Visitor: 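Sharing a structure with you now.
For clarity, every value in this text was computed on a predicted model and none was experimentally measured. Counting starts at 1 for both ligands and their atoms, following the listed order.
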Amino acid sequence: MNTLLKGKTILIMGVANKWSIAWGIAEACLDAGANLIFTYQGERNLSNLQKLTADLPNISLYKCDVTEDQDIIDLFHNIGNDYGTIHGIVHSIAFAKKEELEGAYYNTSREGYHLAQDISAYSLVAVSRHARPLMKDGGSILTLTYIGAERAVQNYNVMGVAKSALESSVRYLAADLGPENIRVNSISAGPIKTLAAQGVKGFGSILKVYEEKVPLRRAVTQREVGDTAVFLLSHMSRGITGENIHVDAGFHAMGLL
Ligand code: NAP
Ligand code: 1JT
């Protein structure tokens, strides 16, 4: 337990189940004394979230499919009515069609490209715009990215290009919102076995090579990402914005494996 987020209300978007990186972040935020609000995309995630949060006091769950402008508008309208002010947002959302995450990047379809950009990058822009009026005391917005934004990583393909747009959006949003003391940063996580990752062909072998070669010789955990998220959401990181922090056991510092 610590008090780094005591009195802060944090919105967490992207918990699918207990393996989600967003859930690791939620647990770390709860240990830091935060009040949490969650969004879910559809009914399947609602029942998972209800089970995960059943024993927690004062938790609110709101529906938000980020491809729907009206869902985003309604979300912040309802949070405004119910809470007035929020202090942080965790955006832990991405999507690409499975068939676009293998083979050559040049085979990416126009539709698959747009879908990955819409859900994985544009959504941060729309969420930031609508959250801004509720961040009256300043705030911290956080998103999740992967090294495939910075390097050409086999199979990551259209997601890598969407993550590059996401990381660039972090810098532009940080420039826009800095004068209001709203900070915008990303965490670049190493590979973690989650629902999203498990759908990817060859993910198990990526993880194995990683564990053998990275400086710390192990994978990172959802909770390790969560602890860095608490830092970025807290007063401790008040001088940091437009930044990308790698929580990847040192992989980003290495040359070709
Ligand atoms: P996850 O548990 O499957 O989380 C992904 C979340 O995105 C799910 O809750 C999913 O909801 C949500 N989502 C997808 N489309 C959405 C939409 N239209 N509207 C609202 N929510 C939507 O997987 P994860 O690995 O924790 O991923 C979280 C973030 O971490 C992603 O940005 C991912 O790129 C990033 N990341 C992951 C890894 C890794 O190795 N796992 C590494 C680096 C970065 P549904 O389940 O309902 O679709
Ligand atoms: C999505 C998926 C976003 C998997 C993701 C993701 N961000 C990170 N991962 C894990 C991953 C995936 C690949 C990879 C390395 C890590 C699945 C579909 C929804 C969006 O290749 C080296 C492909």
Visitor: Provide, to 0.1 Å, the distance between atom 3 (O) of ligand 1 and the closest protein heavy atom, together with that atom's residue and name.
Guide: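 Ranking protein heavy atoms by distance from atom 3 (O) of ligand 1, first comes Ala196 N, 3.3 Å.
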Visitor: Which bit of Val66 gets closer than 4.0 Å to ligand 1, counting heavy atoms only: side chain, backbone, both or neither?
Guide: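 The answer is both.
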Visitor: Please classify the Ser120 to ligand 1 contact at 4.0 Å (heavy-atom distances, strictly less than): side chain, backbone, both or neither.
Guide: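 It is neither; nothing of Ser120 touches ligand 1.
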Visitor: Give me the nearest non-hydrogen protein atom to atom 4 (O) of ligand 1 as residue plus atom name, then the distance to 0.1 Å.
Guide: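 So the nearest neighbour among protein heavy atoms is Gly14 O, 3.6 Å.
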Visitor: What I want to find out is whether Glu167 reaches Lys163 closely enough, with some N-O distance under 4.0 Å, to be called a salt bridge.
Guide: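 No salt bridge links Glu167 with Lys163.
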Visitor: Kindly identify the option in Leu166, Thr39, Thr67, Leu144 whose heavy atom sits closest to atom 30 (O) of ligand 1.
Guide: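 Nearest option to atom 30 (O) of ligand 1, by heavy atoms: Leu144.
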Visitor: Checking a contact table here: which protein heavy atom is nearest atom 18 (N) of ligand 1, and how many Å away?
Guide: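 Going atom by atom, the protein heavy atom closest to atom 18 (N) of ligand 1 ends up being Asp65 OD1, 3.0 Å.
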Visitor: Tell me, which protein residue and heavy-atom name are nearest atom 25 (O) of ligand 1, and how many Å apart are they?
Guide: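 Looking only at protein heavy atoms, the one closest to atom 25 (O) of ligand 1 is Thr194 OG1, 2.6 Å.
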Visitor: Counting non-hydrogen protein atoms only, what is the nearest one to atom 2 (O) of ligand 1? Give residue, atom name and distance.
Guide: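 Here the closest protein heavy atom is Ser20 OG, 2.6 Å.
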Visitor: Between Gln222 and ligand 1, which residue portion shows a heavy-atom distance shorter than 4.0 Å: side chain, backbone, both, or neither?
Guide: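 Gln222 to ligand 1: no contact under 4.0 Å from either part.
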Visitor: Quick one: ligand 2 N/O to protein N/O pairs below 3.5 Å?
Guide:
residue  : atom  : partner : partner atom : Å
ligand 2 : 7 (N) : Tyr156  : OH           : 2.8

Visitor: Tell me the contacting part of Ile21 for ligand 1: side chain, backbone, both, or neither, using a 4.0 Å heavy-atom threshold, strictly below.
Guide: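 Both parts.
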Visitor: Once you restrict to heavy atoms under 4.0 Å, what part of Thr145 touches ligand 1? Side chain, backbone, both or neither.
Guide: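 Backbone only.
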Visitor: Ligand 1 and Ile192, any nitrogen or oxygen pair closer than 3.5 angstrom?
Guide: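 Yes - when backbone and side-chain N and O of Ile192 are compared with those of ligand 1, one distance drops under 3.5 Å.
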Visitor: Applying side chain to side chain donor-acceptor pair (under 3.5 Å) as the test, list every pair that has at least one member in residues 108-126; sequence neighbours left out.
Guide: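 Residue pairs passing side chain to side chain donor-acceptor pair (under 3.5 Å), neighbours aside: His91-Ser123, Lys97-Glu111, Glu100-Ser109, Tyr122-Arg129.
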Visitor: Please list the nearest protein heavy atom to atom 32 (O) of ligand 1 with its residue and the distance rounded to 0.1 Å.
Guide: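 Closest protein heavy atom to atom 32 (O) of ligand 1: Lys163 NZ, 2.9 Å.
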Visitor: Nearest to atom 5 (C) of ligand 1, what protein heavy atom do you find, and at what distance?
Guide: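 Atom 5 (C) of ligand 1 sits closest to the protein heavy atom Ser92 O, 3.8 Å.
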Visitor: Please classify the Asn45 to ligand 1 contact at 4.0 Å (heavy-atom distances, strictly less than): side chain, backbone, both or neither.
Guide: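 The answer is the side chain of Asn45.
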